[in-house]
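As the structure is a computational prediction, the values presented were derived from the model and not from experiment. A, B, ... follow the sequence lines: proteins, then strands. Residue 1 opens every chain.
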Amino acid sequence: MENHREIDQKWQQYWAANNTYAAEDHSSKPKFYVLDMFPYPSGAGLHVGHPLGYIASDIYARYKRHKGFNVLHPMGYDSFGLPAEQYAIQTGQHPAITTEANITRYRQQLDRIGFSFDWNREVRTSDPKFYKWTQWIFIQLFHSWYDTEMDKARPIQELEAHFEALGTANLHAHCDEELSFSASEWQAKNESERSEILLNYRLAYRSESMVNWCPELGTVLANDEVKDGVSERGGFPVIQKKMMQWSMRISAYAERLLQGLNDIEWSEALKETQRNWIGKSKGASVQFAVDGHDANVEVFTTRPDTIFGVTFMVLAPEHDLVDVITTDEQRSEIDAYVEAAARKSERDRMTDTKTVSGAFTGAYVIHPFSGAKVPIWIGDYVLANYGTGAVMAVPGHDSRDHAFAKHFDLPIVQVVEGGNIEEEAVDAKEGKVMNSDFLNGLEVKDAIAKAISEIEAKGIGTGQTNYRLRDAIFGRQRYWGEPIPVYYENGIPKTLSEDQLPLTLPEVDKYLPTEDGEPPLARATNWHTADGHPLETTTMPGWAGSSWYFLRYMDAGNKEEFASSDKVNYWQNVDLYMGGSEHATGHLLYSRFWHKFLADRGFVNTQEPFQKLVNQGMIQGVSGYMYRVIKNAVLWTDSSSDDATLLNPSDFDIFIDRDAQKALINKEDWILERINKIFAEEISEQLQGGQTREEFKVISKPQDVRIFNSFFDDITDIVDTEKLEREELNNTGKRNYFISKGSEFYAQRIVEKMSKRWGNVVNPDDMVDQYGADVFRMYEMFLGPIEQSKPWDTKGITGVSNFLRKLTRLFENLNDDKPSADELKTLHKTIKKVNEDIENFSFNTSVSAFMICVNELTDAKCGKREILEPLTILLSPFAPHTAEELWVKLGHEPSVTQQSYPEHNEEFLVESSIEYPVQFNGKTRFNIAVAADLDRKGIEEAVLADERSAKWTEGKTIRKVIVVPGRIVNIVVG
RNA sequence: GCGGGCGUGGUGAAAUUGGUAGACACGCUAGACUUAGGAUCUAGUGCCGCAAGGUGUGAAGGUUCGAGUCCUUUCGCCCGCACCA
């Protein structure tokens with residue numbers, strides 16, 4: 001279509017003017033909620049990767065409308081976030097202004113692609129009208145506790161009533177620390193003491209706890225925001241620090257978050273990621289009495305069956321008992337070790353998992369069953385913040401304990417049959433137990449159960465389940481986020497009342513922490529309540545608003561409630577959620593947590609927020625790179641190391657140390673930074689291999705090379721060097737190898753993440769300009785399976801462009817002739833295929849089906865209305881503009897989306913089920929369609945009678961009849 | 001180490017319950033046409049071979065009349081978790 005620009009515009013204006021895609025809140029039609037993960041409006045705008053998921057979900061939403069559903073398909077912006085704040089710090093511009101500008105740009109870009117969003121319901125997390133309700137939910141969480149017996153959250157007043165009547169007796173509550181007091185003791189407590197106690201139970205609570213502190217960002221981070229010891233955003237080092245912090249008691253929901261995964265249709269990979277993150281492990285906690293002290297070492301173990309294999313105990317260096325039980329002789333050694341462990345950063349401790357280290361405390365525990373004296377060690381392979389911070393070491397059947405025992409020459413005892421435990425721990429959970437008194441001869445599985453019951457009978461422990469999932473740190477020392485609606489009266493945290501909401505962000509002179517390290521909000525002059533009580537200065541994390549925004553779409557304009565209950569009851573939850581898998585342990589877990597909480601408190605009536613979830617893959621960019629072979633290059637990251645001093649910088653073509661790298665980054669010279677980054681990876685790898693003077697490849701982009709050398713014009717093309725030899729390349733005339741000024745250069749293509757920085761971004765605007773929104777939409781779908789990551793290749797788009805042109809051409813000789821059986825068959829085949837493919841989210845194959853169909857119709861020179869009309873409807877989810885245009889061409893009113901989706905006709909498909917007969921061993925095999933209710937005899941008769949199959953059955957006997965589900969049978973004759 | 005996923009042409013990929021492997025598209029080759037285009041049309045294109053033919057879904061076995069698909073073993077890649085006891 002030559003004038004696609006006009007057509008796109010015409011129909012977009014029509015849809016907007018007619019509110020075509022507005023969802024109705026009440027309808028006799030069944031509801032269907034199709035949601036995309038709303039974007040963070042970054043300054044860079046959209047690239048072709050972003051709309052991938054939006055297009056898929058839009059196709060599905062349009063398809064569902066055709067199928068008679070009342071579809072809710074909204075869009076909004078996750079508009080609180082770091083980049084806008086960083087930009088504000090640099091320029092002094094208020095983040096709200098930056099954000100507004102970015103949103104405008106996003107909207108323009110989105111609009112051009114022809115989505116069927118209901119923009120009346122748009123939400124922005126940074127809008128006070130929205131975050132009023134984020135704050136309101138926080139307040140509900142603050143005023144709730146978790147009852148582990150009823151297994152739900154309850155109002156905090158009910159907990160207070162319980163304390164008032166019974167104290168902590170008969171209390172089943174999820175908390176930080178098990179407390180014990182009577183009703184009268186509670187009654188005697190003052191307000192401040194009561195507040196402290198209640199914080200131990202509240203679902204949103206403030207406590208002194210170890211947090212991930214990122215000095216560079218100046219804020220704390222949740223566990224999912226830290227990867228490999230550095231911040232996910234920016235890659236800055238993260239350290240552990242004890243701080244007063246707001247947290248969310250997500251750990252109370254660990255089991256329900258785990259169980260809930262069984263009821264939702266998510267990819268196995270994603271569910272597994274969440275299961276890993278929750279990290280359930282079943283076992284027992286066991287008390288070991290310390291010899292000569294009135295103290296117990298409590299351990300958690302998943303292998304109580306190996307309790308007779310315990311030959312030593314290991315405590316984390318930070319364990320409270322260490323100081324108490326260490327003997328005088330061992331004191332200096334232990335102190336030195338504890339101090340050394342404290343100095344190691346979390347990251348060092350994580351990366352260095354091979355070196356075995358530890359120290360003996362001099363103390364012993366008494367083995368509860370054998371009565372043996374078991375030495376207590378400390379070692380940094382035991383983590384303070386998991387389980388009890390102590391382990392019972394079973395070197396025979398745990399590889400870490402085994403390594404420890406070998407290193408310190410501690411005894412190893414075999415208690416499960418098989419293997420050679422002197423060489424290697426046997427940690428498989430199978431085999432028969434031995435050397436274990438009452439457990440002897442049992443299978444491991446049975447022995448675990450038996451051991452737990454004996455441990456419980458002896459009163460030294462209980463069967464227990466542990467979770468890796470930690471409570472989520474909620475406060476951020478940042479400006480651009482929701483203020484936490486809390487004030488302090490005599491140091492006691494209290495929530496604002498609902499009519500004081502929203503608590504809007506104050507104006508500040510700078511978006512940085514104060515000189516004495518207070519968060520930016522502390523800069524505000526009036527940051528207190530009307531009666532002078534100071535307000536909380538931390539803000540909520542990025543995931544606060546996104547944990548419930550999908551509910552706001554149901555009733556986006558509501559001023560009285562986050563959403564009215566009748567609308568929540570109608571829309572329930574999201575039927576289809578489309579988005580990236582990078583949110584597996586963040587957004588998708590927190591949303592489930594908040595949703596379950598809101599369900600507990602009766603605000604929503606579903607347990608899971610997202611029924612079905614599809615992860616779209618990432619669209620990568622293709623970058624061209626130059627390699628230069630450097631004779632000598634070296635890098636070290638630690639210039640104080642001995643190796644470094646042996647090297648003379650002037651011996652090397654390129655010489656980088658850590659300071660130089662930093663300097664380059666600070667200059668924001670992205671080219672050099674880029675080179676450095678690659679240098680760092682490649683060269684440090686070489687250094688680790690002990691090769692300090694090998695040749696290295698330096699990667700930079702072609703334009704970088706131009707800066708270093710002026711011979712770039714020599715390159716005629718960039719081809720893949722991996723596949724071809726130098727001579728071959730030079731013979732093809734496509735030179736990708738050449739020598740200039742004594743350096744050798746290579747060119748190569750690399751697939752990597754699409755990013756402005758690497759210069760491989762393709763802008764959807766350009767694609768829409770050139771080919772139109774419909775071609776762009778279909779091509780994105782045609783690229784490959786929706787869930788897969790794949791590189792963008794602009795060249796292939798012409799195929800789709802041709803398809804739409806061919807289709808339009810069919811309308812040139814539009815007529816009312818009766819279609820032939822072949823033409824009808826083509827149509828119904830396509831209808832069937834496209835229907836099935838959309839249901840299976842297999843959009844790439846449905847685009848193929850369209851192409852095949854049009855090819856066949858073009859061959860048949862078919863311009864028949866009876867064929868083209870349903871085809872137009874069939875196409876409309878994929879190519880809405882073209883479909884509308886063609887629909888009108890057929891003489892109809894606009895709005896093809898109002899039509900019901902075409903059903904295929906079996907009559908025209910049956911024939912296709914008779915396939916080619918296949919010959920083997922003198923027999924013939926073929927498929928044939930028969931009536932559904934026939935038995936074997938009936939089928940045989942039908943086959944013999946069928947003229948289509950007669951030519952294969954003539955003179956032969958039926959050997960085998962295989963009934964395939966449906967109406968197809970597989971016949972073997974011979 | 002544990003868990004999840006995946007291996008098919010030069011490329012992206014198809015292949016219903018096991019049934020003519022490579023549909024569709026890109027790219028490439030040749031030709032046609034033309035006011036030379038990022039246009040259109042025709043033919044060809046897994047590999048080996050002039051051909052007949054052979055061969056072919058990471059590898060090796062197995063089940064089956066028949067395996068890309070099911071089973072066993074193995075190799076390779078990607079993702080998640082990780083001194084988690």
Colleague: Return whichever of A:D793 or A:Y386 has its heavy-atom-nearest nucleotide of RNA chain B closer to the 5' end.
Modeller: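 Checking each residue's closest nucleotide, the 5'-ward one belongs to A:D793.
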
Colleague: Base, sugar-phosphate, or nothing: which does A:Q788 touch, judged by heavy atoms less than 4.0 Å apart?
Modeller: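 The residue A:Q788 makes sugar-phosphate contact but no base contact.
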
Colleague: Taking atom P in both B:rG56 and B:rC48, what distance in whole Å separates the two?
Modeller: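 After rounding to an integer number of Å, I get 15 Å for this pair.
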
Colleague: Please convert RNA chain B into dot-bracket. A pair counts if it is Watson-Crick or G-U wobble with both distances under 3.5 Å; crossing pairs go in [ ] and bases paired with another strand get |.
Modeller: (((((((..(((......[....)))((((((.......))))))(((....)))..(((((..]....))))))))))))....

Colleague: Any idea if B:rG9 is syn or anti, going by the 90°-from-0 cut?
Modeller: syn

Colleague: Which residue lies toward the 5' end of RNA chain B, A:V847 or A:L270, if each is placed at its nearest nucleotide?
Modeller: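 Counting from the 5' end, the first nearest nucleotide belongs to A:L270.
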
Colleague: Kindly indicate whether a cation-pi arrangement holds for A:R592 with A:W266, taking the cut-offs as under 6.0 Å to the six-membered ring centre and within 45° of the axis.
Modeller: yes

Colleague: With no hydrogens and no angle check, just 3.5 Å: does a side-chain donor-acceptor pair link A:E225 and A:N223?
Modeller: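 No, no side-chain donor-acceptor contact under 3.5 Å.
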
Colleague: Polar-atom pairs under 3.5 Å, protein N or O versus N or O of nucleotides 27-34 of chain B: list them with distances, or write none.
Modeller:
none

Colleague: B:rA67 and B:rG18: how far apart are their C1' atoms, nearest whole angstrom?
Modeller: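 Those two atoms are separated by 6 Å.
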
Colleague: What interatomic distance, in whole Å, is found between C1' of B:rA52 and the corresponding atom of B:rC65?
Modeller: 27 Å

Colleague: Verify the ring-centre separation between A:F404 and A:F312: is it less than 6.0 angstrom?
Modeller: yes

Colleague: Could you tell me which non-hydrogen atom of A:M781 sits nearest to which non-hydrogen atom of A:L52, and how far apart they are?
Modeller: CE-O, 3.5 Å

Colleague: Considering only atom P, compute the distance from B:rU11 to B:rG46 and round it to an integer number of Å.
Modeller: 14 Å

Colleague: If you measure from the C1' atom in B:rG7 to the same atom in B:rA43, how many Å do you get, rounded?
Modeller: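 The same atom, C1', in both gives a distance of 34 Å.
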
Colleague: In whole angstrom, give me the gap between the C1' atoms of B:rG22 and B:rC33.
Modeller: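 Approximately 32 Å lies between the C1' atom of B:rG22 and that of B:rC33.
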
Colleague: Measure the acute angle between the ring planes of A:F803 and A:F850, then classify it against the limits of 30° and 60° as parallel, tilted or perpendicular.
Modeller: tilted

Colleague: How would you list, by chain and number, every residue that makes a side-chain contact (heavy atoms from CB on, under 4.5 Å) with A:P785, sequence neighbours excluded?
Modeller: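 Checked A:P785 against side-chain contact (heavy atoms from CB on, under 4.5 Å); matches are A:Q788, A:N844.
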
Colleague: Please give the distance between the P atoms of B:rU72 and B:rC6 as a whole number of Å.
Modeller: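 One P to the other, the span is 15 Å.
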
Colleague: Contact class for A:P791 vs. all strands (heavy atom < 4.0 Å): base, sugar-phosphate, or nothing?
Modeller: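 A:P791: no heavy atom of the nucleic acid under 4.0 Å.
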
Colleague: For A:T306 and A:M392, what are the C-alpha separation, side-chain angles and deciding distance, and is it a side chain to side chain contact (heavy atoms under 4.5 Å, CB included)?
Modeller: CA-CA 10 Å; A:T306 62; A:M392 56 174 227; 4.0 Å; yes

Colleague: Scan A:N802 against the nucleic acid and name what it touches under 4.0 Å (heavy atoms): base, sugar-phosphate only, or nothing.
Modeller: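 Result for A:N802 = sugar-phosphate.
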
Colleague: Within the structure shown, what part of the strands sits under 4.0 Å from A:N844 by heavy-atom distance: base, sugar-phosphate, or nothing?
Modeller: sugar-phosphate

Colleague: In sequence, state the C-alpha distance, the side-chain angles, and the governing distance for A:F300 and A:Q464, and then conclude on side chain to side chain contact (heavy atoms under 4.5 Å, CB included).
Modeller: CA-CA 8 Å; A:F300 174 74; A:Q464 198 183 316; 4.2 Å; yes

Colleague: In terms of ring plane angle, is the pair A:H367 and A:F288 parallel, tilted or perpendicular, where the classes change at 30° and 60°?
Modeller: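 Perpendicular.
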
Colleague: Can you check the distance between B:rC70 and B:rG9, where both ends of the measurement are the C1' atom (answer in whole Å)?
Modeller: 26 Å

